[in-house]
Structure formats: C-alpha cells, structure tokens
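Naming: A, B, ... by sequence-line order, numbering from 1 per chain.
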There are 2 protein chains.
Amino acid sequence: MKVTIADVAKRAQVSKTTVSRILNGNYAHASEETIRKVLQAVEELNYSPNALAKGLKSMRTHVIGLVLSNLKNPFWTTVLEGLEDTCRDLGYHLMICNSNEDPDMEEKYLKDLRDRQVDGIILHPTCKNPKLYERLAEQRYPFVFINRRMPDIRVSSVVVDNIKGGFIAVNHLIRYGRRKVAICMYRNEFVSTWKDRLEGYKKAMLANGMTEDDFIMIELEQHADNQQEAIMRQLKKRPEIDAIFSTNNMITLEVIGAARELGLSMPEQLALVSYDETVWAKYLDPPVTTIRQPGYKMGQTAVQTLVDRILSGGDEEPTVVMLEPELIVRASCGAMSFHIS
Amino acid sequence: MKVTIADVAKRAQVSKTTVSRILNGNYAHASEETIRKVLQAVEELNYSPNALAKGLKSMRTHVIGLVLSNLKNPFWTTVLEGLEDTCRDLGYHLMICNSNEDPDMEEKYLKDLRDRQVDGIILHPTCKNPKLYERLAEQRYPFVFINRRMPDIRVSSVVVDNIKGGFIAVNHLIRYGRRKVAICMYRNEFVSTWKDRLEGYKKAMLANGMTEDDFIMIELEQHADNQQEAIMRQLKKRPEIDAIFSTNNMITLEVIGAARELGLSMPEQLALVSYDETVWAKYLDPPVTTIRQPGYKMGQTAVQTLVDRILSGGDEEPTVVMLEPELIVRASCGAMSFHIS
DNA sequence: TTCTTCTATGTAACCGTTGACAAAATCGCT
DNA sequence: AGCGATTTTGTCAACGGTTACATAGAAGAA
C-alpha cells in the first residue's frame, strides 16, 4: 500500500539515490531525461517521502515544540495564530502542549518533545523549574521563552514590556484626575509579567508625586472562584478607591461585575484600565480602556528567533525582544468624559 | 552527545535487543540481574529513546494531526483544551494546523500530516474538498470530523446538535412573547453548522404556528468588516423585528453594537439569544442568553473516537456522536423580566 | 545419559531515507 | 585511439530503534 522511494526508483529505472537527489532539488548533475522519468514515476505512484525516515537520517524534523500554560486566555489564541502562520511560512510544523502552569507537566512535555526530536522549543515557562531551564540552555538546545522572562537565565525571550504597560495604564488614570488607584492582580511571586505590571504601577504612582503609602493592592487567588466577592470586599473596605488598574482580562470582568453589584457607576465613581485588548472589550458596559499586547507579533517573533537559532546552530548570544504595549482609550477610564474643572 | 540504545547496551553488557525488550516492558523472560543492569545504565547515561526511530520501525508515531479553521473563535480554545487533555491521557501528542477556511491549505496540511506519519487526523473541514475527504475515507485513513458534518461522506464525526440548538434558542424567544424573530448569520452554503442552526430556527418558527412568510433572515458576509452597519440597515428596514437569534458570538457583539447605536433597548425592544457561551457573555449589557456548546466534551470525544479507530485498524462503521447544546438564560432574551399580561 | 522443553539472551534484518564514496559514461583534446 | 577531466549515476552504510529467528544453558522426563 505504502509507496517508498525504492518503488519510485524501480519504476523510473534508476537508483534510490538519484530519486532522492532529484526530489531534494540540490542536484546540478542530472540529465533532463532522468529528471523526467523520476518525476513521472513520482506522479504515477503518488509518492511522497516519509518525514520520519527523513528526520531520522537528517537529524532535522522541521517540527517546533510549543509548551503553553493556559490556552484558556484568549490572548493566547492570537499568539497561537502568529506562531502558526510563521511556522507555515518557514516550513515548520507545531506540536502543541499545555502545561497548565504545572511544573511537572512542563518538565514531562519538555522531555517528550526532545524525545520526538523537535528542532526547537517555544516555552511559556511556569517559571518554577529554573534549574531545568538552565540545563537546557547549557546544552545549547534551541529554545526561546515567550511572554515571560527569567532574567537570570541565559535564554532568548520574546516578551512585551509589561513595566511600560503598567506605567501607561496607571499614568493615564492619574492624568485624568484619579488619585486613589488600586492595582488588581493575582498573588504570584514567580512570574515576570505580574511583577512587571506591578512595577509599572508603582513607577507611575511615584512619577506622579505619590508615595508608597498610596499604593493600593487588591490581591486575588488565581484559581479561586469567588473572585468577584473578594474584589467587592476590598472595594468596601477602601471606599476611597476611585480607579482600578486590572492586570488581565478575566480580572477585568470580575471588577465590572463587582462594581455593578455595588452600584458603583463607571467611570464616574470607579475608573478602569485593563490589561489585554479583547474582541469584547468595546462591547462591555462601559466599553473598557485596555492595554493591547501585540500577541500576533509575539508569536511571529518567537518563531523567527527560534528558527534563526536552529539554523545557526545555537551559538550566538541569547536575544531579548521586547515588544511595545499600546493604550486603547474607551469610556471606562473616564478620559472621554473628562473636563478640567 | 546523543546517547543511543547501543550505548546503553554496551554499558550494561547486553545486546540492544535486551535493552529494547526491557524498556518496552513486555518481556517476561529477563533475569532480575539483567533488568537491574539495564535500568542502571539507562539511569547513568540518562538515555531516552528516539521517537523518530521508534516510529519508523513500528509504524506508529503516537501523534495526532489536528486541522482547524479558525483559532480566532474562543469556542475553539475550549475544544483545544479537551483535545489536548485527552491526548495527554491517552499518550498522544498533537500537531496543530490552521487551514483558515482555505481548501488549498486544508489539502496541503492533510498531505503534510500524512507524510509525517501521524497516526490519525482530527479535521474541522472547510467542507470544500468533498472528493478529498472521500478519498481519505476510502483509504481507511483514521480520521474524524469535528464540529461540522458531511452527511454524504462516510466518516466518523463528533458534532453538536445544531438543529436542536437553533430550535431551543428560537423556541425560547417565541415562548416569551416574541413573534418577529430574525436569524442573523453568515451567508454560507457549505457548512453544516450554519445550515443546521437555520433549520432549527425554521423548525421552531413553524412549530409555533408561524409560516415561511414569517422567516426573517439577516445575512452577513463572513469576512466583511462593516458587519454592524449591515445589521443596522436590516434593523431599520424591518422595524417590526423584536428578537434576534444570533448564530455565533462575534455576530452577537455586532448585534449589541448595532442595537446600542440605534437606541434600541434590550431586551425590551429587541431580545437576543446567541450561539456560543463565552466567559464574557454574562458581563455584557445586557447579559446575554446563550446556547452553550460542550466544546471540551467535543474535543475529548473526538480524540477518543479517533484513538479507538487507530487501535482497531479502522475497520468498523463510522460513528456519529451528537452532543447536546444547552440554553443559558440571562437578561438579553427578556425571559427574566417577562410578565404575562 | 539423552532427549525435550523452557528460560534468557543474542544476531541480523528491517523501517525509509540520505550521503560519502565509487564507478560508469561522456566529452575534449592530443 | 588513448588519456584525463567532467558529468551522471549507483553502491552501501549509516540514522536508532524493533523483532523474527537462532542459540545457549538449565531443568525435567525417560
């Protein structure tokens, strides 16, 4: 049933080598006649080469492994698109794994992917396996971090400037008159994105003449399911809060729910800027001002970076690409109805 | 650098065969001593087998190919999770491709995946390559359709009952007093999901004493970007419309935008039921009544079906699994504020 | 003791490619 | 015609596993 290169060779009356050479192009010394015969045989038998055998021999599979940690967040859908498109353009395929923020899963998948001889790995690290990442980096295994960075580990990364994103968001709120700005985020000591957004928040506060005493943190447990209530409790405890910087799109929904429940008008009593632009942000009530992250670009760049590394043999210095976040102004931040009094 | 089974064999002072047998478990006749030596060598050398070589010989890669057509829609994120989790549980990996509704891409990817010797394919068909699907089916290549069905082609499929979904949605609207119910959908003759939802709409209308003359169709071009305007035009032309059955979550957002723009109050002047439950539906204004599709379950079932087929050699009859949609009532349909007058 | 039957392990072919090297065919030139 | 250079094609050993078959040794039966 399965037709191999040997079948083609026989039918075209040439050797396997000749077929292989002609099919792989890089073969100057072939007569017109032979090429014709081979191509015809390929056509007639509907031959196409076994990528496994090819990979085994050539040590290149043209597969890139991808380890993500939360497919749920629609941000990643955009990233995935960028990854996918770019892989296609560069002739790679994508093997996708979901670590679910579990370091053990992450380790297992990393091993699995290498056993499968993928040419390189794009990793959204849980950040809980530092020695593992270090080992991979030492072995010069081609891989890149995406979205999160680990400054101590010498690995190429493609991330968004979250400090800047946090700064822009909070600075914007303050500029439009808010002083009691709270940051609403998950409790998480590991991950650079959270730390950076928080740092951006602090920077913006300090840059606008506030002190550490003015910082207001609403911390949530990432996997709890009473988020909205937790937010309501905090808002009731600190009724002076007049703005919230919400650090991801799920939290934003909970904040809106909480405000609605408490009868706080938005943006009048409570202004809001949210991380992560989404298709639905502008249809919420009120339409939400967001920080857009270039997800597609991030995917694109990650693949490019990885493929560069694969092709170069992985000798060069790790690179860090930092993409720019962007503020998208809508009604929730209060800027649109702002009047200098 | 790379350690092979031969290295292990040498270090343990046994043959490659013995190592292979011990590592693959199915080997009753091995002395304690040999097992110990081999395991120790494996440990010391940190050996792990090359999946490519394994696959080449065994004709099994434990990889499932996945061809989707629109990663953008968050519904697929849920499906992907189901696919991913189930693959992990059953010992498979997922190679993901995005056809983008383009039949040529679809064909290319299908070929690529087979060249890569994936054990089977899960396909969200563009439905524009019927002869191709037929050929695959004839060759008994293990694959299953997901989400969309093609009744004429003998292929296992895992879908949601879209006729029922459409029926439930529209029946619900009518039950709460609406009579001029429009269906808002993409113009698309190919795809079962759209045809079925439309059929469900018609069934519900007829079942409630209406005739074909009462059908109101608002058709949109899938890739146009003035959707909201198109909807507004239709709504102005047919001011009697008092309810909309929106057939996917993107359309729903556009409908809400259109209604807001026209100053139509929801649900009073315009009621809405939407296909596809989303995380944000309940935070919209008004919170949207939706038809939830069991996406995770769909992914799960697709993998199970495919793996069954792979393991059985693909001889049995194709199966069709039809999952049940579910109505989630919120404010937009008007049911919550409904009073019998 | 000798023959049979297990048990425990090894030998070598094979999966479908590629590529280093060898060889045959063609050509130009004397 | 004879030679080397060049073009064109073929041979065969990898790549890293698995597995059918072979074999050696030990135990059991006659």
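Listed nucleotides C:dT9, D:dT11, D:dT9 differ in distance to A:Thr17; the shortest reach to its side chain belongs to D:dT11.
With no hydrogens or angles considered, a side-chain donor-acceptor pair links B:Gln40 and B:Arg36 at under 3.5 Å. Judged by distance alone, the side chains of A:Tyr109 and A:Asn98 never bring a donor and an acceptor atom under 3.5 Å apart. Side-chain polar atoms of B:Ser312 and B:Glu316 form a donor-acceptor pair below 3.5 angstrom. In summary, the side chains of B:Thr17 and B:Ser20 do not present any donor paired with an acceptor at a separation below 3.5 Å, with no hydrogens or angles considered. Under the 3.5 Å distance criterion, with hydrogens and angles disregarded, a donor-acceptor pair is assigned to the side chains of A:Asp112 and B:His93. Side-chain N/O atoms of A:Glu106 and A:Thr126 include a donor and acceptor closer than 3.5 Å.
Side chain of B:Thr86 to main chain of B:Val303: no donor-acceptor pair is present (N/O by atom type, distance under 3.5 Å, no hydrogens or angles).
In terms of phosphate contacts, B:Thr34 brings no side-chain nitrogen or oxygen within less than 4.0 Å of OP1 or OP2 of C:dA8. Taking only side-chain nitrogens and oxygens, A:Thr18 comes nearer than 4.0 Å to OP1 or OP2 of D:dG10.
In this structure, the CZ atom of B:Arg21 is 10 Å from the C1' atom of D:dA20, given to the nearest Å. One can place CZ of B:Arg60 at 24 Å from P of D:dG16, the figure rounded to the nearest angstrom. Here D:dT7 presents its C1' atom at 16 Å from CD of A:Glu33, a figure rounded to the nearest Å. For B:Ile35 and C:dT7, the CD1 to C1' distance is 13 Å, given to the nearest whole Å. Rounded to whole Å, atom C1' of C:dT9 lies 10 Å from atom NZ of B:Lys37. Atom pair B:Lys10:NZ and D:dG16:C1' shows a separation of 15 Å (rounding to whole Å applied). In this structure, A:Glu32 atom CD and D:dT9 atom P are separated by 11 Å, rounded to whole Å. We find that CD1 of A:Ile22 is positioned 7 Å from P of D:dT9, with the value rounded to whole Å.
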**Asked** Between B:Glu101 and B:Arg148, is a salt bridge (Lys or Arg N to Asp or Glu O under 4.0 Å) present by the stated rule, with each step listed?
**Response** CA-CA 12 Å; B:Glu101 299 287 2; B:Arg148 293 175 181 166; 2.7 Å; yes
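Rounded to 10 degrees, the angle separating the terminal axes of the helix from C:dT1-D:dA30 to C:dT30-D:dA1 is 60°, with each axis obtained from five end pairs.
Less than 6.0 angstrom separates the ring centroid of B:Phe145 from the ring centroid of B:Tyr133.
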With the criterion being N/O to N/O and under 3.5 Å, what pairs connect the protein with nucleotides 13-17 of chain C, and how long is each?
| from | atom 1 | to | atom 2 | distance (Å) |
| --- | --- | --- | --- | --- |
| C:dC14 | O2 | B:Lys57 | NZ | 2.9 |
| C:dT17 | OP1 | A:Tyr47 | OH | 2.9 |
| C:dT17 | OP1 | A:Asn50 | N | 3.0 |
| C:dT17 | OP2 | A:Ile5 | N | 2.7 |
| C:dT17 | O5' | A:Tyr47 | OH | 3.2 |
| C:dT17 | O4 | A:Lys16 | NZ | 3.2 |

